[in-house]
Each structure stands twice: as C-alpha cells, then as structure tokens.
Q: 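I'd like to ask some things about the structure below.
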Amino acid sequence: MPKANIGGTSSFFTQEQIKTLTIDEFIFHVVGGEQPKYFDEVSSGEGMESFFKMLVISAAGGKKCDFTETTAIPAAISSIVEDHKKFVEVSKNLAEGFHIAHTKSASRGVLIFSEFTCSENRYWLLAKYNETKVFRFEEEEKSGRRRAVIQDVSNTFVEDQKALQKAVLFTGSTKNDNVFIFDKTNRKDIAHYLRTWLAVKPHYTDEAATKELYSIIKNAAVKVKDQLSNDIKKTWASRLFDAINKLESLDLSKEEEFSSFMATVFGPDSNLDNLVMEVDKNLKGKQLRGEAFKLKKGNIKKPKRTRIQTYEGVEIFFPNDLEREGLITINQLEDGSEEVTIRSERRIKQDELPD
C-alpha cells in the first residue's frame, strides 16, 4: 500500500505553506507550580525555527474544533490585532487561565504563546510543553585520571515531541474561525479543562466523522474505478463496511493506521497510488486528516446490490445474496471470454422495453 506524501499530518497547512512560516512574536510562561511564573520577553537562539514548525504542524494536525458562544479567546486575539502591545498581556492572561483550569494536576513546564505568519496570513499558537530532565557533565583530571561529573540542569525543555502535551492553533480572531487542538493524552476527544478554558467543542462528532470517511473513500473508489482490478471492484464496498464495523476507532493522524485501513479495504495492491492520494486529498479538504475518532457503525449501510456490465452492453443488477447462494455465477472460458449464468427457482420474466 503506497503512503501519501502528507508532510506531517496537518489538514490545514500544505508543505509549501509551512516553508513560508515566520515567527512574529514568541513568549512563554512557566506553569504547573503553585503560581505561574511570568516573563515579559523571551530571547530565542538558533534552531528555534525547526522547533516552532514542529509545534505548528502538531497543532494543525489536531482535532478540528469550533468556538462556543461563551468563548473569550477571539476577543483576546482581536485586541492583539488592534494593539500589538497587548501581546504579552494576553499571553499572561492565557497562562493564568491555564493555571486556574488545570491547577491540581498540571506537570511543570512552559505555556508557549506565539503569533506567526504563514502564506501572508496571521495565526496564533498556544502550546503546553513539559519540563524535561536534562543532565550535563564536566570533565575533571586528577592524578592522571579523567573523571566525568554529572549534574542535572534545571529550567529546561528540549526539542522532543514527546514533551509536547497540548498544542492549539487559532486560525483567526472571530468566533467563526476554527481551532485545531492536539491533545497527546486524548487524541479522540478534548480534555474537559480545555473545553471549558477555551470554550470550544469538536467540529466533527464521531458519527459525522464516520460518515465523511465512508463518503470520501466511496467517492474516490468510484472516481478511479477504471484503475482498480476486477477483484477489488467486486468486494471493496463490502470490505469498507466490514472494516468500519470491526474497528472501534481510527486515528487518521497516524500514517500507519491510515495505510492499514486502506489496505484492509482495497488489499495491498501496488497500483493504488491514485486512489490513496485522492482519499488523502479529500480527507485534508474536509480537515479530517488529523482526526482521531470512534467509528459509529449504525449509519453505514452494507451494500445490497451488485452490477454486472458486459462488453456488449448488457447490464444485470442483482442482490448480493444471490451470488453467495450460487444462483449467479461468472466463469472465464478458455478463449478468454466470460460467461454469466443465472439460475432461477421459478420462471424468468422477460419484457421488451419500447423506446
């Protein structure tokens, strides 16, 4: 099964857009203690750009959300747009809000807030990054013996995605703009404190995400059907139904899960590049490529009919059960032609159809 070239799992930014990314403002505050520790300025060194791109891609690959009516976030971002001097003030208010919402169980770390430009549009990033234990060593030489002395270093965080706990992308400054949330501990939902603190809700319910997934794969298979083998065309719809019904959940942000699901439906065929790319493109178009959700089976119908179409223009539609019961068979003959046999337990009706 070919892998789609997705450049991370972002459904919002393309690879080309990520290349244009520039950091306009960046600050963080220490959270997770008895009280937040606020900073007024952060001076960043070399290597910051790759670290920041990782944060943006992670956030943009998260669950798509909508603001609720009670949210105060768009107003806060709008205040930055109107007066850029309020950037630090807003960042401190966000850190205080995080502390109030998550004061009991938050691990010590930093809450990053940033404004950045991508393809000439402005966006805002919020990320909780856990403090990481780091050790340094010094060399000592005494009486001809060399010794390493190890000490831990405080107040550190490293460029390691494992330390990233939450990442939030704000795509605009109005209540109608979307939010993307990466939650390491809960990919299929949003932590309760995030829902209340940011006043957001998932854009897709599990039911809606399942329906969109089914529809996107079905439409892509129909679009490229001439490129599929006869064996795949005969069974893919039933296999799609079975795959959705057998799995409890699906994380489309994970390339291995996406590829495994597609292989389950269509088989490990090496000629499915166009199909996989079509599905990947449309999942991103619906901003589903970063979603993780429980599969809701009840609304997906099992295919009931099959169509046979001959070279000569004969079309036969029949219930799938008939083939399983042996009442319809298709046999390949020695000369390469195929023969369709229909067996009926009663008299076959035949009507001539006038133009």
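For the numbers below, each heavy atom of this structure counts, side chains included, while hydrogens, waters and symmetry mates do not. For this chain, numbers begin at 1 and follow the sequence in order.
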Q: If we ignore hydrogens and angles and just use 3.5 Å, is the side chain of Ser58 paired with the main-chain N or O of Met54 as donor and acceptor?
A: yes

Q: Let's go through Phe116 and Leu169 carefully: what are the C-alpha distance in whole Å and the side-chain angles of both, what is the deciding distance for side-chain contact (heavy atoms from CB on, under 4.5 Å) to 0.1 Å, and is it a yes or a no?
A: CA-CA 11 Å; Phe116 66 96; Leu169 171 69; 3.7 Å; yes

Q: For the residue pair Asp335 and Ser337, confirm or rule out a side-chain donor-acceptor distance under 3.5 Å.
A: yes

Q: Atom CD of Glu96 and atom NE2 of His99: how far apart are they, to the nearest 0.5 Å?
A: 8.5 Å

Q: Are the side chain of Asp280 and the backbone of Val276 linked by a donor-acceptor contact shorter than 3.5 Å?
A: no

Q: Closest heavy-atom contact between Leu194 and Val200?
A: O-CG2, 4.0 Å

Q: So do the side chains of Arg122 and Val81 get within less than 4.5 Å of each other, counting heavy atoms only?
A: yes

Q: Verify whether the ring centers belonging to Phe180 and Phe13 lie closer than 6.0 Å.
A: no

Q: Please work out which of the three classes, parallel, tilted or perpendicular, describes the rings of Trp197 and Phe98, given edges at 30° and 60°.
A: perpendicular

Q: Among Lys166, Lys188, Lys128, whose salt bridge (charged side-chain N to carboxylate O under 4.0 Å, His left out) with Asp183 holds?
A: Lys166

Q: Examine the side chains of Asn274 and Glu278 and answer whether a donor and an acceptor come within less than 3.5 Å of each other.
A: no

Q: Does a donor on one side chain sit under 3.5 Å from an acceptor on the other, for Glu115 and His84?
A: yes

Q: Would you check if the side chain of Ser344 reaches a backbone N or O of Arg347 as a donor-acceptor pair within less than 3.5 Å?
A: no

Q: Provide the closest heavy-atom pair for Phe170 versus Ile73 in the form atom of the first, atom of the second, distance.
A: CE2-CG2, 3.7 Å

Q: Indicate yes or no for a side-chain donor-acceptor contact from Asp251 to the backbone of Phe293 under 3.5 Å, with no hydrogens or angles considered.
A: no

Q: What distance separates Lys233 NZ from Leu228 CG, expressed to the nearest 0.5 Å?
A: 7.0 Å

Q: Treating Thr68 as the side-chain partner and Ala199 as the backbone partner, does any N or O pair qualify as donor plus acceptor under 3.5 Å?
A: yes

Q: What's the shortest heavy-atom distance between Tyr193 and Ala101, and which atoms?
A: CB-O, 3.7 Å

Q: At what distance, to the nearest 0.5 angstrom, does CD1 of Ile300 lie from CD1 of Ile244?
A: 5.0 Å

Q: Going by heavy atoms in the side chains, are Ile27 and Glu41 under 4.5 Å from each other?
A: no

Q: I want to know whether Phe113 and Phe26 have ring centres closer than 6.0 Å.
A: no

Q: Pair Ile112, Leu126 - check side-chain contact (heavy atoms from CB on, under 4.5 Å), show working.
A: CA-CA 6 Å; Ile112 296 168; Leu126 187 66; over 6 Å; no

Q: Side chains of Cys65 and His203: does their closest heavy-atom pair fall under 4.5 Å?
A: no

Q: Of all the heavy-atom pairs spanning Ser78 and Ser173, show the shortest one and how long it is.
A: OG-O, 3.0 Å

Q: With a 3.5 Å distance limit and no angle check, can you tell me whether Arg289 reaches the backbone of Lys284 through a side-chain donor-acceptor pair?
A: no

Q: Within the side chain of Ser253, is there an N or O that forms a donor-acceptor pair under 3.5 Å with the backbone of Gly61?
A: no

Q: Would you please say whether a donor-acceptor pair under 3.5 Å links the side chains of Thr117 and Asp24?
A: yes

Q: Look only at the side chain of Ser114 and the backbone of Leu125, and say whether a donor-acceptor pair between them is shorter than 3.5 Å.
A: no

Q: For a side-chain contact (heavy atoms from CB on, under 4.5 Å) check, start with the C-alpha distance between Leu295 and Asp206, then their side-chain angles and the critical distance, and finish with the verdict.
A: CA-CA 6 Å; Leu295 291 166; Asp206 291 335; over 6 Å; no

Q: Could you tell me the separation between the CZ atom of Phe87 and the CD1 atom of Ile77, rounded to the nearest 0.5 Å?
A: 10.5 Å

Q: Out of curiosity, Leu288 CG to Asn282 CG, how far, rounded to the nearest 0.5 Å?
A: 10.5 Å

Q: Among the clusters formed by ILVMFWY side chains lying less than 4.5 Å apart, do Tyr38 and Val90 turn up in the same one?
A: no

Q: Tell me, yes or no, whether the heavy-atom count around Lys175 atom NZ, taken from other residues, nucleotides or ligands under 6.0 Å, exceeds 12.
A: yes

Q: Show your working on side-chain contact (heavy atoms from CB on, under 4.5 Å) between Leu198 and Thr71 and close with a plain yes or no.
A: CA-CA 6 Å; Leu198 301 177; Thr71 185; 5.7 Å; no

Q: So which atom in Asp40 and which in Val88 form the shortest heavy-atom distance, rounded to 0.1 Å?
A: O-CG2, 3.8 Å

Q: Do Phe28 and Leu111 make a side-chain contact, defined as non-hydrogen atoms from C-beta onward lying under 4.5 Å apart?
A: no

Q: Applying the salt bridge (charged side-chain N to carboxylate O under 4.0 Å, His left out) criterion to Asp189, which one of Lys63, Lys201, Arg195 satisfies it?
A: Arg195

Q: If we ignore angles and hydrogens, is there a donor and acceptor under 3.5 Å between the side chains of Ser260 and Glu256?
A: no

Q: Examine distances only and state if a side-chain atom of Gln17 and a backbone atom of Thr14 form a donor-acceptor pair shorter than 3.5 Å.
A: yes

Q: Is there a path from Val340 to Val314 through hydrophobic residues (I, L, V, M, F, W, Y) whose side chains come within less than 4.5 Å of each other?
A: yes

Q: Is there a chain of hydrophobic side chains (I, L, V, M, F, W, Y, each step under 4.5 Å between heavy atoms) that links Phe51 to Leu21?
A: yes

Q: Would you check if Phe39 and Val30 make a side-chain contact, meaning some heavy-atom pair closer than 4.5 Å?
A: yes

Q: Under a 4.5 Å cut-off applied to non-hydrogen side-chain atoms, are Ile18 and Ile57 in contact?
A: yes

Q: Do the rings of Tyr123 and Phe12 sit parallel, tilted or perpendicular, given the 30° and 60° boundaries?
A: perpendicular

Q: Are the side chains of Lys218 and Ile216 in contact, using a 4.5 Å heavy-atom criterion?
A: no

Q: If the threshold is 4.0 Å, N to carboxylate O, is there a salt bridge linking Glu16 and Lys19?
A: yes

Q: In the single-linkage hydrophobic clustering (I, L, V, M, F, W, Y; side-chain heavy atoms under 4.5 Å), do Phe241 and Val279 co-cluster?
A: yes

Q: Is Lys294 close to Glu248 at the side-chain level, that is, under 4.5 Å between some pair of heavy atoms?
A: no

Q: From Ile232 CD1 over to Lys225 NZ, what is the distance, rounded to the nearest 0.5 angstrom?
A: 15.0 Å

Q: Tell me whether Asp177 contacts the main-chain N or O of Thr174 through its side chain, where contact means a donor paired with an acceptor under 3.5 Å.
A: yes

Q: Is there a donor-acceptor contact under 3.5 Å linking the side chains of Asn178 and Asp66?
A: yes

